Protein chains: 2
Amino acid sequence: MIKSKSTSLDVARLAGVSQSAVSRVFSGASASKATATKVRKAADALGYRPNSLARAMITGKSRIIGLVVAYLDNQFYPIALERLSNALQAQGYHILVFMAANGEDTVIKVVEELIDYQVDGIITASVAMSSNLTQRCAVAGIPVVMFNRGQDGSGHSSITSANVEGGRKIADFLVAGGHKRIAHIAGWEGSSTGRDRRRGFIDGLADHDQRPIAVIDGMFDRDAACKATRALMARPVPPDAIFVGNDHMAFAVMDTLRQELELRVPQDVSVIGYDDVPLAAWAAYDLTTVRQPVNRMVEATIETILAKIVDPARPTQKIEIDGPLIVRGSARIPKGWTQ
Amino acid sequence: MIKSKSTSLDVARLAGVSQSAVSRVFSGASASKATATKVRKAADALGYRPNSLARAMITGKSRIIGLVVAYLDNQFYPIALERLSNALQAQGYHILVFMAANGEDTVIKVVEELIDYQVDGIITASVAMSSNLTQRCAVAGIPVVMFNRGQDGSGHSSITSANVEGGRKIADFLVAGGHKRIAHIAGWEGSSTGRDRRRGFIDGLADHDQRPIAVIDGMFDRDAACKATRALMARPVPPDAIFVGNDHMAFAVMDTLRQELELRVPQDVSVIGYDDVPLAAWAAYDLTTVRQPVNRMVEATIETILAKIVDPARPTQKIEIDGPLIVRGSARIPKGWTQ
DNA sequence: CTGAAAGCGCTAACAC
DNA sequence: GTGTTAGCGCTTTCAG
């Protein structure tokens with residue numbers, strides 16, 4: 001029966017070897033089969049496990065990745081977190097989570113604490129970083145990769161889906177569907193994702209000689225999206241289609257349309273979202289949307305950050321991953337639409 | 001312009017004091033106003049911040065709490081995680097997240113790694129711990145609190161909602177609504193929450209001289225719940241009401257009922273869930289359910305674990321928090337129902 | 001109140 | 001291969 005925490009020295013004494021021999025066995029350095037067995041046996045007897053903190057201090061590698069995330073109510077993020085955590089775990093890394101409801105101050109505080117913990121890298125999900133902060137991370141030698149948000153000139157790597165393209169795909173689809181009065185409840189104007197989707201969408205409409213009858217910033221927020229929907233439908237000439245900047249808001253738009261305004265989707269109004277979170281596929285919404293390929297985005301994120309941890313000189317990358325339009329039942333399907 | 005990471009010794013030299021003086025200033029120990037100012041100034045100039053890992057090693061307190069969670073697709077958990085993280089951050093603690101898809105092996109591995117990181121405490125969300133593991137945590141002196149899951153004789157504290165009572169409330173409501181053929185798609189049989197809700201429900205029905213026409217284990221899983229729904233409705237005498245073990249499954253049940261079987265809820269079948277996740281309130285589902293008061297559960301969890309960190313001798317607690325039945329539109333409302 | 005000195009538990013040269 | 005010897009950056013006695 002094991003009584004209390006033991007150290008490598010305890011193990012060394014029991015095994016009759018030096019303390020460094022124990023260290024070697026556990027850190028995978030060279031050791032003869034004979035000592036390895038002795039050490040393992042002694043360690044098991046004592047319930048010994050190496051102290052990660054001490055190891056981190058010496059090696060300068062904590063094997064902790066800091067994750068800064070703004071909110072978890074949009075299903076896209078918990079899913080990403082789950083995948084990120086699983087993949088990182090498989091590589092022997094762990095995630096220290098920080099919530100940073102958008103607000104420069106919180107982010108600063110959070111990143112400082114992350115630096116204090118000597119994290120090997122930082123992943124930010126839908127959070128922007130000031131250049132001052134960027135500078136701090138650089139000084140601390142901590143690579144940063146931004147997940148689902150780009151920031152030009154930030155000096156950080158970023159992984160996003162092809163948002164501009166995505167916006168275009170939606171414009172094409174809606175126009176092909178014969179819609180003439182198209183509106184857009186956009187993602188937050190302060191985010192690259194929101195801006196890029198909007199830009200692609202407007203450019204795409206322009207290619208067909210159309211322009212949106214209205215564009216409202218939905219702030220990636222449910223309530224704002226509901227309000228925007230009401231405003232849109234109260235216009236003298238209401239839209240016959242709405243592209244909503246992400247699925248999370250699109251659900252709110254559909255709820256408002258169907259429940260409050262008693263309109264049918266897509267017969268009265270077509271609705272399209274962005275993300276393809278699991279909920280979009282559920283029968284209650286059956287939402288047409290552009291898929292952000294979470295798995296591939298997560299893979300790219302991990303690859304990028306781990307590469308930069310191993311080789312800090314590695315240049316910054318901006319990776320964009322293309323995602324398909326997923327056609328479901330919330331928007332009118334153009335005649336003869338195949339792809 | 002700051003060039004690279006600096007240590008307390010660098011600060012000490014620049015400030016013209018001893019290294020221990022610097023330590024005192026940053027750890028809040030006694031120091032004269034004069035030295036404090038000198039030290040602060042030098043630290044700012046160098047961009048110095050104390051190394052949390054080194055501090056943790058000395059003090060034996062990492063201020064890291066390990067969180068073990070099985071899945072994040074049920075909205076209840078990300079919300080809890082968000083709240084937990086926020087509250088802990090406010091107290092100067094941080095969360096190291098581990099995913100442990102149910103499976104004893106993963107949990108063991110994960111908890112071992114948590115111990116290696118010298119976490120101050122462990123919170124498990126919907127994850128069970130073997131007595132062997134419990135023993136290990138005890139040896140390492142790490143308090144464990146189980147969130148949303150109880151485990152008798154585990155020696156750990158647990159925070160749950162009043163699941164037995166909740167099950168009863170649902171039975172009362174359904175019977176009052178005049179239902180005569182009530183079925184139950186239960187939460188996973190291997191979980192205390194699933195079992196308690198079922199037991200309360202069955203006991204509650206018995207008080208009205210009824211018994212469920214069928215009980216199927218839905219495993220807290222969407223697909224299993226869909227399958228169970230089909231099986232239930234294919235019976236010669238299908239149910240007129242279904243109590244589903246949590247909201248996450250209830251959504252699947254409603255999707256299957258309405259879309260696939262073309263039945264109306266609640267006119268053809270009443271559906272009741274458990275948890276009251278945000279989605280339950282959205283118009284598309286408008287689900288009647290029992291609320292698990294996340295905020296209060298989180299508060300209790302944090303209070304319990306912090307208290308045990310400060311005073312390890314503190315006795316184990318099993319806290320149950322009562323939650324109300326939230327009446328919405330997915331189940332027939334009994335005539336004259338007030339409360 | 002402050003500095004000197006002794007480690008926390010471990011890894012990483014360095015000789016043998 | 002293996003033991004010996006230095007520390008990693010900090011907190012904490014212990015004198016003064």
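Only heavy atoms go into these numbers, but all of them, side chains included; no hydrogens, no water, no symmetry mates. Numbers restart at 1 for each chain; the letters A, B, ... are given by sequence-line order, proteins then strands. Remember, predicted model here, so these are calculated numbers, not experimental data.
Heavy atoms of A:A31 sit under 4.0 angstrom from primed sugar atoms or phosphate atoms, though from no base atom. Among the heavy atoms of the strands lying under 4.0 Å from A:S23 is at least one base atom, whether or not backbone atoms are also near. At a threshold of 4.0 angstrom between heavy atoms, the contacts of A:V17 are confined to the sugar-phosphate backbone, with no base atom among them. Counting any heavy atom pair closer than 4.0 Å across all strands shown, B:S20 reaches a base atom.
The shortest distance between side-chain heavy atoms of A:K38 and A:T35 falls below 4.5 Å. Between B:V110 and A:Q89, some side-chain heavy-atom pair lies under the 4.5 Å cut-off. Under the 4.5 Å side-chain criterion, counting only non-hydrogen atoms from C-beta, A:K5 is in contact with B:Q118.
The stretch residues 114-121 of chain A has no heavy atom under 4.0 angstrom from DNA chain C at all.
Using a 3.5 Å distance cut-off with no hydrogens or angles, the side chains of B:S157 and B:Q317 do not pair a donor with an acceptor. With no hydrogens or angles considered, no side-chain donor-acceptor pair links B:S158 and B:R149 at under 3.5 Å.
With a cutoff of under 4.0 Å to any heavy atom of chain A, the contacted region of DNA chain C is bounded 5' to 3' by C:dG9 to C:dA13. Boundaries of the chain B contact region on DNA chain D are D:dG9 to D:dT13, first to last in 5' to 3' order (nucleotide atom under 4.0 Å from a heavy atom).
When all heavy atoms are compared, the tightest approach of B:R63 to B:Q91 is NH2-O, 2.9 Å.
Screening A:V69, A:I123, A:L67 for a side chain to side chain contact (heavy atoms under 4.5 Å, CB included) involving A:L81 leaves a single residue, A:L67.
Residues A:Y71 and A:F220 keep their aromatic ring centres 6.0 Å or farther apart.
The aromatic rings of A:Y48 and A:F26 sit perpendicular to each other, their planes meeting at more than 60°, with 30° as the lower class boundary.
Other residues, nucleotides and ligands contribute only 12 or fewer heavy atoms inside 6.0 Å of the CG atom of B:D152.
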